[in-house]
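Data block below; observations after.
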Amino acid sequence: KGDPGDKGDKGDKGDQGDPGPLNDPDLTHITNLSWIHDDDGNLFPNLDEFRQFSGEFGLVILFDNEVVMNTVFRLKGETTRSEVFQVYLRQPGEHGFCECLLPDVSYDPVDVTGIDPDGRIVDITPLDPATDQAKAVRLRLFELPVRTPLFVLRVVFRADFALDTKGKAIDGEHIGGLVPQRRTGNG
């Protein structure tokens, strides 16, 4: 029968190697946004100002390296869509709060040309929508179907699906909601 502690060839895995890298310096992160996370209405004191901002300027995400645009959004003729970068509207409904994906949006790569002292993106230059790689992407909302002044927008960026130019996923965990004081990621 053999020694109960003897695993033979089947169970012998050898010495454990060194742990994998933490805080891989070769990963891409989100560094800045065009909005303030968890803002309580200080940035946009009324709905009209937010509608103008979201339709003209938009929600912009800046990365510290170039990102492959077709992993963030798909260009289909004149329209764009994304399963990676989305905005949800949460507002009171008949049976409690309801949350829905806002469908009437467009995406395009942009070049960030201005950041305010608080780290918020305040100036951009649109790039050709067919641009393959860029350091920033913008989502614009063309309709905001708000029924009451009490609403929340939830921005979702599925970083594991967005790839940088090295073929690596974006290290996008928004730990503590601290962008821009702390870039995203956990290594």
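Judged as a salt bridge (Lys or Arg N to Asp or Glu O under 4.0 Å), the pairs with a partner in residues 133-142 (not counting sequence neighbours) are, in order, Asp108-Arg138. Residue pairs meeting the ring pair (Phe, Tyr, Trp, His ring centres under 6.0 Å) criterion with at least one member in residues 108-127, sequence neighbours excluded, do not occur. Judged as a ring pair (Phe, Tyr, Trp, His ring centres under 6.0 Å), not a single pair has a partner in residues 108-135 (not counting sequence neighbours).
Remark: Arg182 pairs with no residue by the salt bridge (charged side-chain N to carboxylate O under 4.0 Å, His left out) rule, at least two apart or across chains. Every side chain to side chain contact (heavy atoms under 4.5 Å, CB included) that Asp104 has, sequence neighbours left out, goes to Phe142, Glu143. Remark: Asp123 pairs with Thr113 by the side chain to side chain donor-acceptor pair (under 3.5 Å) rule, at least two apart or across chains. For Lys166, the side chain to side chain donor-acceptor pair (under 3.5 Å) test picks out Asp26, with sequence neighbours left out. Here Thr71 pairs with Val67, Val68, Ala162, Leu163 under the side chain to side chain contact (heavy atoms under 4.5 Å, CB included) rule; sequence neighbours left out. Shown here are the side chain to side chain contact (heavy atoms under 4.5 Å, CB included) partners of Arg154, two or more places apart in sequence or in another chain: Tyr88, Arg90, Glu99, Val156. Every residue meeting the side chain to side chain contact (heavy atoms under 4.5 Å, CB included) condition with Val122, not counting sequence neighbours, appears here in chain and number order: Asp116, Arg120.
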**Message:** Applying side-chain contact (heavy atoms from CB on, under 4.5 Å) to Arg74 and Glu83, what does each step give before you reach the verdict?
**Reply:** CA-CA 9 Å; Arg74 303 279 189 234; Glu83 295 295 326; over 6 Å; no

**Message:** I'd like to know whether Asp164 forms a side-chain contact (heavy atoms from CB on, under 4.5 Å) with Ile170, so could you lay out the CA-CA distance, the side-chain angles of the two residues, the decisive distance to 0.1 Å, and finally the verdict.
**Reply:** CA-CA 7 Å; Asp164 66 15; Ile170 307 306; 4.3 Å; yes

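Annotation for Ser82 and Val84: closest pair OG-N, 2.9 Å, computed over non-hydrogen atoms. A pairwise comparison of heavy atoms in Phe85 and Tyr107 identifies O-OH, 2.5 Å as the closest pair. In terms of heavy-atom proximity, Met69 sits nearest to Pro109 at SD-CB, 3.6 Å. Residues Ile175 and Gly185 approach most closely at CD1-O, 3.3 Å, considering heavy atoms.
To the nearest 0.5 Å, atoms CG (Leu75) and OG1 (Thr80) are separated by 7.0 Å.
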Return a table of donor-acceptor pairs under 3.5 angstrom between the side chains of residues 127-134 and protein atoms on other chains or two or more places apart.
{"unit_1": "Asp128", "atom_1": "OD1", "unit_2": "Ala130", "atom_2": "N", "d": "2.8"}
{"unit_1": "Thr131", "atom_1": "OG1", "unit_2": "Asp128", "atom_2": "O", "d": "2.7"}

Expected list for residues 54-66: side-chain donor-acceptor pairs under 3.5 angstrom, two or more places apart:
{"unit_1": "Ser54", "atom_1": "OG", "unit_2": "Phe50", "atom_2": "O", "d": "3.0"}
{"unit_1": "Ser54", "atom_1": "OG", "unit_2": "Arg51", "atom_2": "O", "d": "3.3"}
{"unit_1": "Asp64", "atom_1": "OD1", "unit_2": "His29", "atom_2": "N", "d": "2.8"}
{"unit_1": "Asp64", "atom_1": "OD2", "unit_2": "His29", "atom_2": "ND1", "d": "3.0"}
{"unit_1": "Asp64", "atom_1": "OD2", "unit_2": "Arg183", "atom_2": "NH1", "d": "3.4"}
{"unit_1": "Asn65", "atom_1": "ND2", "unit_2": "Thr28", "atom_2": "OG1", "d": "3.1"}

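The main-chain N or O of Ile30 is found under 3.5 Å from a side-chain atom of Thr184 such that the two form a donor-acceptor pair.
Two residues are said to be in side-chain contact when any heavy atoms from C-beta on lie closer than 4.5 Å; Leu153 and Trp35 fail this criterion. In this structure the side chain of Leu102 reaches within 4.5 angstrom of the side chain of Leu141, judged on heavy atoms.
By the 6.0 Å contact criterion, CZ on Phe53 is enclosed, its count of non-hydrogen atoms from other residues, nucleotides or ligands being greater than 12.
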